[in-house]
K.L.:
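Can you read through this structure? Questions will come right after.
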Number of protein chains: 2
Amino acid sequence: MAANSQFSMAVHVLTVLARHEGEKIKSEKIACSVNTNPVVIRRLLGQLAQAELVESQTGAAGGTQLARSPERITLAEVYGAVSCGEVFALHGKPPDKNCPVGRNIEAVLCNLQKQIDRSVAETLSRHTLQGVLEVIEQEKP
Amino acid sequence: MAANSQFSMAVHVLTVLARHEGEKIKSEKIACSVNTNPVVIRRLLGQLAQAELVESQTGAAGGTQLARSPERITLAEVYGAVSCGEVFALHGKPPDKNCPVGRNIEAVLCNLQKQIDRSVAETLSRHTLQGVLEVIEQEKP
DNA sequence: CATATCTGTAACAAGTTTAGTTACATTTTA
DNA sequence: TAAAATGTAACTAAACTTGTTACAGATATG
């Protein structure tokens, strides 16, 4: 249970919200579909709210809804909202600066990281929440 | 120190080996450049050997060298050798199958995962170990 | 052949991260 | 004012990565 599944959860949560556009959905209802604790959902919704993908309202009759229509939310935005944006980590401890490789490898890797991030973002930007929703509704048996 | 830096280490290790093509390098020497323990390096070399990127020899005067020339080793192969191949994780606990979203979201995410993996692999396949080595040598002040 | 040296690997400790949980303050409706 | 919901802090548990020690097995060399 130490693998980062926040992106998966975020897509799931947003899809649930998209299925009920216009309604305010309670974190408990979302938690039920995701099969987790409402607090976990609220934490995630906090990140999505910061990225201005959802809007929440406190108080009785409160809940959360999408901040935009599903066609205007790409999965790249979702990924950016919940991910640290690093497919692989750089060195934990700094390499030996007396070795030419140790001295320069980090710059190479950092550059590589940026290329990969761009590539991932491009792939994800080709998908919208509406697209996900359509697959879900279509697959419903 | 719980972020996966194996790919970074692997590129580092292989670059060191590439700088000394034909020689057998000891794990202790590599560990010095990477600034870690020789056992950590040997563990990593084991994975790289399984992927047939390096060859090791036990015993006195033993060590490790590249199994192929650096022009013929792409970073996509390196990534495949050390990574589980998943940019993001699927749900830890299975979603609620009574909800249409919970029932079908995993297939959507799995498909997405494959697209991203392909995209990352394609980006990395455009780089060879020789290319990395050239940058390193060039940057040497 | 004996010894020194190196890899391969198991076992364990420590630190980090994620998810789950409880508890409670705050907001808002009715 | 009471009920119901979010926001958030604090803690626990589990999993993963790295670092470390220890030792068996292989091999070159005197």
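These numbers were taken from a predicted model, which means no experiment stands behind them.
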K.L.:
Toward the 5' end of DNA chain C, which comes first, A/Val39 or A/Thr58, by nearest nucleotide?
P.N.:
A/Val39
K.L.:
Kindly say whether, by distance alone, the side chain of B/Arg42 makes a donor-acceptor pair under 3.5 Å with the base of D/dT18?
P.N.:
no
K.L.:
Less than 4.0 angstrom between a side-chain N/O of A/Ser5 and OP1 or OP2 of C/dA19, yes or no?
P.N.:
yes
K.L.:
Do B/Ile73 and B/Val135 share a hydrophobic cluster, counting only Ile, Leu, Val, Met, Phe, Trp and Tyr and linking them when any side-chain heavy atoms are less than 4.5 Å apart?
P.N.:
yes
K.L.:
Looking only at side-chain N and O atoms, does A/Ser27 come under 4.0 Å of OP1 or OP2 in D/dT6?
P.N.:
yes
K.L.:
Hey, does B/Glu28 reach any base, or is it just sugar-phosphate, or nothing, if we go heavy atoms under 4.0 Å?
P.N.:
nothing
K.L.:
In whole angstroms, how far is the P atom of C/dT7 from the NZ atom of B/Lys24?
P.N.:
11 Å
K.L.:
Using whole Å, what does the distance between atom C1' of nucleotide D/dT17 and atom NZ of A/Lys93 come to?
P.N.:
13 Å
K.L.:
Looking at every strand, decide which applies to B/Gly63 at a 4.0 Å heavy-atom threshold: base, sugar-phosphate, or nothing.
P.N.:
sugar-phosphate
K.L.:
Report the nucleotide, chosen from C/dA4, D/dA3, D/dT17, that has the shortest atom-to-atom distance to any side-chain atom of A/Ala60.
P.N.:
D/dA3
K.L.:
Between A/Glu77 and A/Arg68, does any side-chain N to carboxylate O distance fall below 4.0 Å?
P.N.:
yes
K.L.:
How long is the line joining CD of A/Gln57 and C1' of C/dT27, in whole Å?
P.N.:
9 Å
K.L.:
If hydrophobic clusters are built by linking Ile, Leu, Val, Met, Phe, Trp and Tyr wherever their side-chain heavy atoms come under 4.5 Å apart, do A/Met9 and B/Leu109 end up in the same one?
P.N.:
yes
K.L.:
Hey, does B/Thr36 reach any base, or is it just sugar-phosphate, or nothing, if we go heavy atoms under 4.0 Å?
P.N.:
sugar-phosphate
K.L.:
What residue among A/Ile25, A/Val78, A/Val34 forms side-chain contact (heavy atoms from CB on, under 4.5 Å) with A/Val13?
P.N.:
A/Val34
K.L.:
With a cut-off of less than 4.0 Å, is there a side-chain N or O of A/Ser56 near OP1 or OP2 of D/dA5?
P.N.:
no
K.L.:
Step through the shown structure and confirm whether more than 12 heavy atoms of other residues, nucleotides or ligands are within 6.0 Å of NZ on B/Lys97.
P.N.:
yes
K.L.:
If you check the B/Lys26 side chain, which of C/dC6, D/dT21, C/dA11 turns out closest?
P.N.:
C/dC6
K.L.:
How many whole angstroms separate atom CD of B/Gln47 from atom P of C/dT9?
P.N.:
12 Å
K.L.:
For B/Ile25, report the nucleic acid contact type (base, sugar-phosphate, nothing); a contact means any heavy atom under 4.0 Å.
P.N.:
sugar-phosphate
